[in-house]
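Right, one structure below, let's go through it.
Quick note on labels: first sequence line is chain A, next is B, and so on, each numbered from 1.
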Number of protein chains: 4
Amino acid sequence: MTRKLAKSAISQKRVLDAAAKIFRDYGYAGTTMRTIADEANLKAGSIYYHYKSKDELISAVLDIGMHAVLDTVNSALAALPADADVRQRIETAIRAHLSAIIDIGDYTLATRRVIGQVPEAIRAQNMRLRDSYASLWQTILVDAQKRGEFRADANITLSRLFILGALNWTVEWFKPGGRTIDEVAHEFAAVVLDGLGKPGNTKSEAAPAKARATPRITV
Amino acid sequence: MTRKLAKSAISQKRVLDAAAKIFRDYGYAGTTMRTIADEANLKAGSIYYHYKSKDELISAVLDIGMHAVLDTVNSALAALPADADVRQRIETAIRAHLSAIIDIGDYTLATRRVIGQVPEAIRAQNMRLRDSYASLWQTILVDAQKRGEFRADANITLSRLFILGALNWTVEWFKPGGRTIDEVAHEFAAVVLDGLGKPGNTKSEAAPAKARATPRITV
Amino acid sequence: MTRKLAKSAISQKRVLDAAAKIFRDYGYAGTTMRTIADEANLKAGSIYYHYKSKDELISAVLDIGMHAVLDTVNSALAALPADADVRQRIETAIRAHLSAIIDIGDYTLATRRVIGQVPEAIRAQNMRLRDSYASLWQTILVDAQKRGEFRADANITLSRLFILGALNWTVEWFKPGGRTIDEVAHEFAAVVLDGLGKPGNTKSEAAPAKARATPRITV
Amino acid sequence: MTRKLAKSAISQKRVLDAAAKIFRDYGYAGTTMRTIADEANLKAGSIYYHYKSKDELISAVLDIGMHAVLDTVNSALAALPADADVRQRIETAIRAHLSAIIDIGDYTLATRRVIGQVPEAIRAQNMRLRDSYASLWQTILVDAQKRGEFRADANITLSRLFILGALNWTVEWFKPGGRTIDEVAHEFAAVVLDGLGKPGNTKSEAAPAKARATPRITV
DNA sequence: AATGAATGAGACTTCATTCAT
DNA sequence: CATGAATGAAGTCTCATTCAT
């Protein structure tokens with residue numbers, strides 16, 4: 001009985017893994033049940049024994065992909081000492097995010113890839129997780145600002161969008177075997193915290209005035 | 001004769017505009033020739049008078065979309081005084097990038113949306129433009145570092161990936177009518193140049209040591 | 001333009017005729033779009049140029065089939081002299097009903113064949129026509145009874161169900177080339193009006209008593 | 001061993017009952033082995049332990065359904081006193097027919113429902129029973145005519161088709177809880193024997209002449 | 001320059017059936 | 001006896017594309 005259950009579970013996992021990989025490579029509409037089946041070593045019709053539809057399959061992949069990142073980052077942060085400073089928190093979160101993308105690999109990659117191609121209904125169902133993740137970051141940033149570790153004039157929400165955007169886009173160029181996760185995480189954290197500018201150079205009183213001098217385009 | 005040509009050109013533009021809009025909304029595989037035709041007020045078969053195939057259509061849209069950003073940013077930078085400093089250059093480039101996305105609208109949005117769903121062949125053909133754009137930024141950043149306006153230890157390539165990632169992801173959340181382009185550009189530039197950290201807080205000698213202390217995960 | 005329209009109309013008719021024939025032979029679920037397409041001399045996908053779905057196709061067939069009977073019977077009755085008696089009316093209606101089944105052939109046959117196999121939604125949509133036809137007969141019978149041409153104790157509704165049942169079942173055995181429509185219509189009318197019993201034999205006072213003696217089973 | 005056999009028999013009955021019910025509700029092609037299995041509280045594959053195929057299942061259901069009517073009517077007639085008159089015989093047969101449809105319920109209803117949707121081979125195999133039933137009625141009617149209880153000019157075969165058609169169609173409208181079987185049987189018998197026309201009105205010498213006057217349509 | 005009509009390939013999905021356990 | 005898992009054939013429908021008009 002345990003073996004039977006195991007067999008079913010194994011097949012289901014095989015299908016899921018195959019789906020993640022294929023979705024990641026071809027996007028939502030570009031993926032066919034047949035291709036997934038081939039990858040999972042069974043016939044297209046057989047997928048339906050495990051998943052009721054293509055949509056249910058992509059849903060499962062999305063869930064795993066989102067949870068992977070969310071949970072990995074969450075745990076990594078929880079593992080930090082209570083008195084960890086911002087730099088540590090942010091670098092840790094970034095490193096965890098990148099790790100998740102590598103480890104759970106296909107799932108997170110597939111998630112980034114197909115979100116936005118997937119039927120509205122499915123995307124909506126996945127929004128909560130996305131929002132949770134956004135909240136996680138927002139909290140880190142807001143806390144840091146409260147504790148006085150951030151510039152008081154920083155727009156936290158915009159900064160979060162900037163950071164998460166950069167992290168999400170990561171899947172478009174990050175390839176295992178190239179740069180180290182640590183290397184990337186370290187550098188990204190540096191940009192986020194210190195910027196690229198030379199310490200002394202920072203925002204002279206004149207600078208903002210200059211910036212304001214350029215005509216504002218309102219949209 | 002000129003009028004005939006004109007009519008053809010007008011129709012062609014109508015088709016292209018329609019395609020951009022529909023591709024932007026439904027992605028590559030999610031877009032049908034019929035939907036584009038409807039939007040352009042003609043019948044599916046008629047598109048083929050102007051474009052040989054769906055792929056040629058998406059190619060055209062991608063080209064325009066990429067050029068729009070590349071050209072807009074290029075011009076904006078060229079219009080700057082020769083002695084403009086990094087902050088100005090970067091904020092200007094960001095603002096131009098965002099402007100292009102808004103102004104050329106459907107084309108740039110479509111570009112970001114479908115790149116990655118499009119058949120390999122087409123994506124490859126579009127790579128040159130992508131690379132050009134990457135070079136443009138790389139140049140800005142390298143120059144700044146050469147001129148001593150950046151931290152000497154900043155990894156320019158990774159930083160560029162970070163910045164462009166954030167800018168590209170922008171289409172996922174930026175909606176006209178909400179935040180001002182200037183607002184976003186200003187804040188983004190601030191993060192890039194100054195980081196979020198408080199000026200004094202920056203990279204104590206201890207900090208990097210600490211960071212290095214965490215075990216490195218190599219991929 | 002007229003020729004173009006004609007071509008479309010011709011094809012559509014060809015598809016419809018094919019559908020009627022195939023539905024009549026194989027029932028609803030037993031009919032495939034491919035079979036219909038073959039019969040209509042085009043490819044399965046092409047049917048969808050004329051009809052949006054299998055259901056829309058069967059709907060069209062049902063409509064025509066029901067209308068054929070309803071209209072034929074209606075006209076036949078309207079053509080009778082105002083002072084026609086019941087026997088004429090009934091025999092005429094039966095003859096018209098059978099004629100419709102033969103003339104419009106496939107459509108009416110298909111109608112009788114697939115009604116009851118068809119998705120609820122479609123059947124419902126066709127109910128109004130069925131009810132109209134029932135009303136037509138009810139009216140004939142009620143009028144006859146009012147005018148005193150029928151036994152006063154006859155249950156008109158049950159009788160109508162009896163007659164229409166017999167007529168509807170007709171498609172299961174009536175084959176052109178065998179019996180004449182007139183022959184059948186005449187005999188059916190005779191049963192309906194005179195019964196099979198010998199004129200004198202009718203409902204003696206004893207008979208009903210006897211009948212009543214058998215125990216009544218209530219359902 | 002007996003118990004094992006018993007268990008098998010019970011399951012087999014459960015499957016058969018389920019099949020009858022489902023076939024009755026969804027028709028032949030509309031019924032899936034899975035749906036039957038669900039109704040019988042086992043899994044689709046298990047049905048094949050009891051029946052070799054869907055066709056064997058429907059065959060069994062059809063046989064039972066046909067036999068039910070045939071046997072019920074046969075017994076009811078056998079139970080009549082030898083000197084029973086036509087009215088009694090016919091009303092009894094009708095009542096028995098309706099009873100069978102109600103009592104054996106699903107089987108007879110399924111029979112009427114799917115006959116005509118079922119593969120030719122199966123229908124053929126079932127024809128003998130259908131013919132037996134037809135013979136039964138033919139005998140009743142011919143006997144009555146021989147004994148002089150029917151109009152001498154009645155066409156017995158056509159009348160039989162008329163009567164059986166009406167009885168078969170009965171499943172389309174007869175719902176338990178509504179009219180009583182006895183009520184329906186009595187009224188149907190009245191139509192068959194006496195017709196609807198007023199006793200005196202019957203076939204005046206003029207009437208047939210008139211009827212003959214209408215032009216004959218030959219098919 | 002545009003359209004109506006058709007095609008063929010292929011997509012998702014369902015289902016009767018098989019078979020090892 | 002029964003089930004879980006899988007298969008292969010087939011079904012409905014979509015869509016890029018073609019071509020005569």
Length of the line joining D:Tyr48:OH and E:dT18:P, which is rounded to integer Å: 7 Å

D:Tyr49, nearest nucleotide to its side chain (from F:dT17, F:dT3, F:dC1): F:dC1

Any A:His50 side-chain N or O less than 4.0 Å from OP1/OP2 of F:dG4: no

Those residues of residues 28-43 of chain B lying under 4.0 Å from DNA chain F by at least one heavy atom: B:Thr31, B:Thr32, B:Met33

Any residue meeting salt bridge (charged side-chain N to carboxylate O under 4.0 Å, His left out) with D:Arg130, in chain and number order, not counting sequence neighbours: none

Residues in side chain to side chain contact (heavy atoms under 4.5 Å, CB included) contact with B:Arg34, at least two apart in sequence or another chain: B:Thr32, B:Asp38

Kindly list each side-chain donor-acceptor pair under 3.5 angstrom involving residues 39-50 of chain A, sequence neighbours excluded, with atom names and distances?
from, atom 1, to, atom 2, distance (Å)
A:Glu39, OE2, A:Lys21, NZ, 3.3
A:Ser46, OG, A:Lys43, O, 3.3

Separation of F:dG4 C1' from A:Gln12 CD (nearest whole Å): 13 Å

Stems involving DNA chain F, each a run of at least 3 consecutive Watson-Crick or G-U pairs under 3.5 Å: E:2-21 with F:2-21

For B:Asn168, all residues meeting side chain to side chain donor-acceptor pair (under 3.5 Å), sequence neighbours excluded: B:Arg112

Nearest-nucleotide 5' precedence on DNA chain F, B:Lys52 against C:Lys54: C:Lys54

Phosphate OP1/OP2 of F:dA5 contacted by A:Ser11 side-chain N/O (<4.0 Å): no

Comparing B:Ala44 and A:Asp55 on DNA chain E - which has the more 5′ nearest nucleotide: B:Ala44

Residues which pass salt bridge (charged side-chain N to carboxylate O under 4.0 Å, His left out) with A:Arg24, listed by chain and number, not counting sequence neighbours: A:Asp106

Euclidean distance, D:Ile22 CD1 relative to D:Tyr28 OH, rounded to 0.5 Å: 15.5 Å

Listed partners of C:Arg14 passing salt bridge (charged side-chain N to carboxylate O under 4.0 Å, His left out), at least two apart: none

Without placing hydrogens or testing angles, list every side-chain donor-acceptor pair under 3.5 Å for residues 59-68 of chain D, not counting sequence neighbours.
from, atom 1, to, atom 2, distance (Å)
D:Ser59, OG, D:Asp55, O, 3.4
D:Ser59, OG, D:Gln125, OE1, 3.2
D:Asp63, OD1, D:Asn126, ND2, 3.2

Rounded distance in Å - CD1 (C:Ile22) to P (F:dG11): 13 Å

Contact nearer the 5' end of DNA chain E, comparing D:Ser46 with C:Gly45: C:Gly45

Distance, nearest 0.5 Å, that separates CG of C:Asp17 from CD of C:Gln12: 11.0 Å

Between E:dG4 (P) and C:Ile10 (CD1): distance, integer Å: 17 Å

Separation of atom CD1 in B:Ile47 from atom C1' in E:dG4, rounded to whole Å: 15 Å

